[in-house]
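Working notes, structure below.
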Amino acid sequence: MTQVETGPSNFIRNIIDNDLQTGKHQTIQTRFPPEPNGYLHIGHAKSICLNFGIAEDYPNALCNLRFDDTNPVKEDANYVAAIEADVRWLGFQWAGDIHYSSDYFEQLYAYAIELIEQDKAYVCELNAEQTREYRGTLTSPGKDSPFRNRPIQESLDLFTRMRAGEFAEGSMMLRAKIDMASANMKMRDPVIYRIRFAHHHQTGDKWCIYPMYDFTHCISDALEGITHSLCTLEFEDHRPLYDWVLANISVACKPRQIEFSRLNLQYTLTSKRKLNALVNDNLVSGWNDPRMPTISGMRRRGYPAAAIREFCKRIGVTKQENTVELASLEACVRENLESNAPRAMAVIDPVKVIITNYENAKTEQLIAPAHPKDESMGTRSVPFSAELFIDRADFREEANKKYKRLVLGKEVRLRNAYVIKAETVIKDEAGTITEIHCSYDPETLGKNPSDGRKVKGVIHWVDAKTNKPAEFRIYERLFLVENPAAVENIHEVLNSDSLIVKQGVVEISLADNQVEKAYQFEREGYFCADSKDSTAQHLVFNRTVALRDSWGE
Ligand code: ATP
Ligand code: MG
């Protein structure tokens, strides 16, 4: 008896456990079947983790990657490459070669012929409008097409000539002969082939007839030996058709389709079509804009793959429709980075501090831990000199006791360094502070300085003589409303502050950091260098997530 050892339990895994126990299957085969008409998003991550997760956890189980490429008009080879990269980055590897539904066009055609020969499919010449009219409605049955009972030989001849390119687009189609009175509209003689004189990214100009999704998907599953074909709930009423096709052709394998609820996430669009519109309308910089809920956008923003996998584990797999809080995705990111991101210091809105009693020509190399709780991450060297930067928000000329930062005439501790005291400020003509002159106490250095001082505030800083200038991109959610999918004009609910750019400095140890590597900039948040725009000459850091959830404060 095979029982899964690891991984989350859910109703699909229960079905699989049962199928293994009863001997219905010896091994399990799943597939992830994206249509290459856009980039993968967080919703797809749920499906990827489910399908590939099953393959990882069950003995000898496999998961295929199959491009569901039956619509040559909307699809593109660039999307194919991006999807492969995203699945790999998420940490999964498909079994064997990549599959394409278009690999099966010849077999699909042969199965269509089988259906015609059994009088279970016919060539129909109703136009689009007539077809709609004949289909009926949810409350009234449809009418039989006048072509429904044409002789088998005639349909065979016409279908062959459809393939040969003899007929115009829209003039003919192949339909399954099922039941025009079925309560399930999908069973009212669904179209299974249509004419399209379109170039296909895999098959070129070889075909001018293309099979429809419902005919293609079940047969592709069967040809690949898929045991459990997992899809989202909107396919529930396609299932009778899925089963009908497989029951009426000579394929041996009969996969089982099981539906689960799709991931909906607050403040987030999870539809490739709508995400594509954001890109086309230039509302974001591209599919991998760090504000996009695409896998490539989240990656560029600094979300670790493991955090996305953890999120998918926590939300679970059920048949209940619900919307997940964005905060729970961010919490997974934060938890992961809290343990894994080394610490560093960056000043996002710098103002100069001059240490008046520190020797001007001197630079000291102070030692700071890379992580306060994880000594294995080692230490880094942080230069300290008579000129520093601190954040403008960390200084006030006057403040009450609640303000635990630097105040004129008072002391504050510099992170990993000394206690300083603000003595005077220099302002420009407009009254803006340009320099804060401070004194420092050389006795106050060390991890737990026994200087006996009651200095509550600790602020971060960057040495002004050795730093690297850096651009910081601070992201907030893209939409102001929880359910942007329900909004007709998306422009009206865009958050105009979803990207704020600031120019500041980072400590010199970050001069040759790797892109996409996460850091915690102390007191500021988690950041990583931008994979597209950051260069050695011009460092650009994306804020991955703030240190805590402060939305709405
Ligand atoms: P979109 O509406 O974004 O185009 P789709 O369902 O058409 O999504 P496909 O490329 O056909 O996209 O999806 C591949 C797989 O990912 C399918 O099995 C689909 O059910 C699943 N999937 C897509 N979106 C979600 C989601 N939000 N939650 C869970 N699974 C999803
Ligand atoms: Mg789709």
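In listed order, ligands and their atoms are each counted from 1.
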Verdict with supporting geometry, E516 and R300, salt bridge (Lys or Arg N to Asp or Glu O under 4.0 Å): CA-CA 6 Å; E516 288 176 6; R300 184 170 162 200; over 6 Å; no

Cation over ring face, K313 and F311, 6.0 Å, 45°: no

Which of the ligand 1 atoms, numbered from 1, are nearer than 4.0 Å to a heavy atom of S271: 2 (O), 3 (O)

With sequence neighbours excluded, residues passing side chain to side chain contact (heavy atoms under 4.5 Å, CB included) with L278: L269, L275, L283, V284, M292, L478, F479, I490

N or O contact, N37 vs ligand 1, cut-off under 3.5 Å: no

Of the listed options D68, T232, L263, closest to atom 28 (N) of ligand 1 (non-hydrogen atoms): L263

Heteroatom distance test (S261, ligand 1): nitrogen or oxygen, under 3.5 angstrom: no

CD/E234: more than 12 non-hydrogen atoms of other groups inside 6.0 Å: yes

Verdict with supporting geometry, K532 and D289, salt bridge (Lys or Arg N to Asp or Glu O under 4.0 Å): CA-CA 10 Å; K532 185 160 157 271; D289 184 300; over 6 Å; no

Ligand 1 contact on F235 by region, counting heavy-atom pairs under 4.0 Å: neither

For P34, atoms of ligand 1 separated by under 4.0 Å from a heavy atom: 10 (O), 14 (C)

Geometric N/O contact K46 with ligand 1, under 3.5 angstrom: no

Proximal ligand 1 atoms for P33, defined as those under 4.0 Å from one of its heavy atoms: 14 (C), 18 (O)

Ligand 1 atoms in contact with H41 (distance to a heavy atom under 4.0 Å): 3 (O), 24 (N)

Polar proximity ligand 1 side, R273 side, N/O cut 3.5 Å exclusive: no

What pairs of donor and acceptor atoms, side-chain ones from residues 325-335 against any protein atom, are under 3.5 angstrom apart with sequence neighbours left out?
residue: S328; atom: OG; partner: E325; partner atom: O; Å: 2.8
residue: R334; atom: NE; partner: A546; partner atom: O; Å: 2.9
residue: R334; atom: NE; partner: L547; partner atom: O; Å: 3.3
residue: E335; atom: OE1; partner: R314; partner atom: NH2; Å: 2.7
residue: E335; atom: OE2; partner: R314; partner atom: NH1; Å: 3.4

Face-on cation placement of R163 at Y109 ring, 6.0 Å and 45° thresholds: yes

Parallel, tilted or perpendicular: ring planes of F521 versus F527, cut at 30 and 60 degrees: parallel

Sub-4.0 Å atoms of ligand 1 with respect to non-hydrogen atoms of F32: 14 (C), 15 (C), 16 (O)

Identity of the nearest option to atom 11 (O) of ligand 1, non-hydrogen atoms only, from E35, H44, R66, E259: E35

Any side-chain donor near an acceptor of the partner, Y79 and E35, under 3.5 Å: no

Ligand-residue contact atoms, ligand 1 with K272, heavy atoms, under 4.0 Å: 1 (P), 3 (O), 4 (O), 8 (O), 9 (P), 10 (O), 12 (O)

